[in-house]
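Below: the structure, in structure tokens.
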Amino acid sequence: MLDMRFIRENPGVVRDGAAAKNISVDLDGLLELDARSRALQQRLQELATQQNRITREIGPLMGRIKAEKDPAKRAELEKQATELRQRPTEIKQESLELQEQIKALQPEIDARLLTIPLPPDSDVPLGKSSEDNVELRKWGNVPSFEFPVRSHIELGEKLELFDVPRGVRLAGSRSYFLTGAGALLHQAVLRLAMDMMVFEKGFTPLTVPVLVREAAMRGTGFFPAGREQAYRVGEITETGEDERFLTGTGEVGLTAFYLDEILDETQLPRKLVTQSTCFRREAGTYGKDTSGLYRIHQFDKVEQVIICKNDREESIRWHKEILANSEQLLQRLNLPYRVMQCCTGDLGPKNASMIDIETWMPSRNAYGETHSASRLYDFQARRCELRYRDTQGKVQYCHTLNNTVAASPRILIPILELYQTAEGAVRVPEALRPYMNGMEIITKQ
RNA sequence: GGAGAGAUGGCCGAGCGGCUGAAGGCGCCGGUUUGCUAAACCGGUGUACGGGUUACAACCUGUACCGCGGGUUCGAAUCCCGCUCUCUCCGCCA
């Protein structure tokens with residue numbers, strides 16, 4: 001969420017930002033509603049001032065009436081009091097009307113305000129869609145195979161690493177079981193990612209709720225814009241509906257951990273990591289990536305989140321660092337990847353900048369997105385009321401950033417496909433062997 | 001599923017119609033004292049939105065805010081109603 005004052009003072013920046021992101025907003029409507037509301041509030045304040053003044057006279061007057069012994073003087077004072085009491089009644093009529101009008105305006109303002117995106121940072125290239133993303137660098141060599149390359153789907157079937165038909169029978173499209181060595185590989189990647197972040201990078205490990213209240217979804221910026229992507233879990237009870245949402249990323253739990261709190265600057269930065277199951281409806285993707293483990297409704301992800309001071313430079317530094325963390329993991333797995341600076345059109349409403357990592361996937365003969373590092377400045381913190389007291393004692397909004405460390409089973413696609421042998425087996429990446437009881441190769445049982 | 005209790009500032013906690021933006025404590029900031037640190041003592045310390053004013057800051061001033069929304073009243077943290085959330089006990093499940 002943006003600061004209303006910032007929008008008021010920088011309408012051009014906000015308008016251009018939304019346009020660059022290809023997000024249509026009713027900025028004029030918002031500004032007009034805001035101006036109207038403010039005018040009404042000003043008038044309401046004047047009325048309240050008058051009323052308070054009168055009210056403050058009545059108190060002492062009542063005291064004097066009680067103390068007054070002389071009936072004549074007392075009657076005079078009571079007359080005064082009665083007069084005074086009349087006036088607020090008149091004022092009240094007008095202020096009630098004003099309040100009514102202001103209240104009617106508020107939902108309109110909020111609805112628009114929540115849809116105003118964070119303008120992209122100046123270093124983000126302009127562009128319409130992911131086609132216009134800019135490659136920052138490449139790492140590793142894309143291998144050429146001397147045998148026909150099998151897709152992860154073929155390998156999975158042959159080596160019984162996962163079972164999509166049974167998953168679908170049980171849970172519908174985009175569902176799967178991981179089986180045997182497939183399940184082990186999945187756990188191994190996640191453990192490697194988690195251990196690296198905790199024991200080498202100094203992140204604090206958390207387990208997080210994946211079933212959360214609406215406030216957490218709205219606070220982290222996934223609502224209202226992405227509402228259709230979340231599974232809603234609700235039960236009708238006698239007193240109403242008990243509604244929760246399944247989170248699509250551990251980012252929700254990590255970022256909303258300090259929801260509504262005021263931290264102390266000495267507590268920052270917070271470096272948090274979690275492994276959590278992620279749920280995504282993938283609404284509107286019918287026919288896209290329909291087979292295999294690329295686009296699925298449920299997966300597990302190790303996610304890193306940074307909560308830091310309200311400082312642009314510091315945010316940018318952390319952005320580089322969380323990106324480097326993930327690159328390091330891919331390098332340990334020896335998976336070729338490229339780093340893509342997303343263009344304005346590819347950014348979500350909450351991002352100032354976003355850098356994706358795409359890992360080479362032989363069956364696609366292309367790089368496929370496996371990581372996404374976001375820099376959000378105080379956009380989420382505002383919605384979450386996530387603040388800190390700085391060294392001057394001033395309360396400020398934090399900055400937040402996040403990045404994937406490893407999302408599996410998607411990351412199994414490049415692992416299986418890149419480590420396959422001519423015989424149709426899969427070598428286990430060295431970095432994962434300690435997590436697989438030393439297993440070196442996955443063959444048909 | 002049944003019954004009860006509660007929601008106050010960064011935190012804890014008092015207040016239960018006007019003298020309350022809110023006692024007291026903790027924390028934090030400034031000062032005094034002190035070989036250093038600590039302790040002790042003194043003072044200060046909420047947020048948001050307006051207006052004045054200023055080069056900014058500071059300062060002055062107004063309004064709102066004691067979970068949220070409504071009602072009663074000249075006046076509500078305080079009384080009444082609704083909602084949300086939290087906790088406790090019993091039951092059930094693990």
Would you indicate, yes or no, if [N] has its OP1 or OP2 atom less than 4.0 angstrom from a side-chain nitrogen or oxygen of [X]?
{"X": "A:R38", "N": "B:G50", "answer": "yes"}
{"X": "A:R5", "N": "B:C49", "answer": "yes"}
{"X": "A:R8", "N": "B:G50", "answer": "yes"}
{"X": "A:N52", "N": "B:U63", "answer": "yes"}

If you measure from the [atom1] atom in [N] to the same atom in [M], how many Å do you get, rounded?
{"N": "B:A40", "M": "B:A58", "atom1": "C1'", "answer": "33 Å"}
{"N": "B:G2", "M": "B:U8", "atom1": "P", "answer": "27 Å"}
{"N": "B:G75", "M": "B:A23", "atom1": "P", "answer": "25 Å"}
{"N": "B:G52", "M": "B:C68", "atom1": "C1'", "answer": "34 Å"}
{"N": "B:U86", "M": "B:C28", "atom1": "C1'", "answer": "28 Å"}
{"N": "B:C79", "M": "B:G15", "atom1": "P", "answer": "12 Å"}
{"N": "B:C42", "M": "B:G25", "atom1": "P", "answer": "10 Å"}

Reading RNA chain B 5' to 3', what string of ( ), [ ], | and . shows its pairs, if Watson-Crick and G-U wobble pairs count only when both distances fall under 3.5 Å?
-> ((((((((.[[[..)..(.....]]]((((((.......))))))(((((((......))))))).[[[[[..)....]]]]])))))))....
Between A:L44 and A:R213, name the one whose nearest nucleotide on RNA chain B is closer to the 5' end.
->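 Counting from the 5' end, the first nearest nucleotide belongs to A:L44.
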For residues A:L432 and A:L192, determine if any side-chain heavy atom of one lies less than 4.5 Å from a side-chain heavy atom of the other.
->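 In contact.
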Ignoring hydrogens and angles, state whether a donor on the side chain of A:Y435 or A:R433 is under 3.5 Å from an acceptor on the partner side chain.
->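 Side chains of A:Y435 and A:R433: no pair found under 3.5 Å.
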Partner set under side chain to side chain contact (heavy atoms under 4.5 Å, CB included) for A:V168, not counting sequence neighbours =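 Applying side chain to side chain contact (heavy atoms under 4.5 Å, CB included) to A:V168 gives A:V164.
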Can you measure [X] atom [atom1] to [N] atom [atom2] for me and round it to whole angstrom units?
{"X": "A:R389", "N": "B:C26", "atom1": "CZ", "atom2": "P", "value": "17 Å"}
{"X": "A:R53", "N": "B:U61", "atom1": "CZ", "atom2": "C1'", "value": "11 Å"}
{"X": "A:E100", "N": "B:G70", "atom1": "CD", "atom2": "P", "value": "9 Å"}

I would like to know whether A:F279 and A:F299 meet ring pair (Phe, Tyr, Trp, His ring centres under 6.0 Å); could you show each step before the answer?
-> CA-CA 7 Å; A:F279 302 91; A:F299 58 96; 8.7 Å; no
Classify the side chain of A:Q45 versus the base of B:G62 as yes if they form a donor-acceptor pair under 3.5 Å and no if they do not.
->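 Side chain to base: pair found, below 3.5 Å.
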Quick one: ring-ring contact (aromatic ring centres under 6.0 Å, His included) partners of A:Y176, sequence neighbours excluded?
->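 Per chain and number, A:Y176 pairs via ring-ring contact (aromatic ring centres under 6.0 Å, His included) with no residue.
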Reckon A:E261 touches a base, only the sugar-phosphate, or nothing at all at heavy-atom distances under 4.0 Å?
->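 Here A:E261 touches no strand at all.
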Do the two ring centres, one from A:F222 and one from A:F245, sit under 6.0 Å apart?
->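 Centroid separation for A:F222 and A:F245: 6.0 Å or greater.
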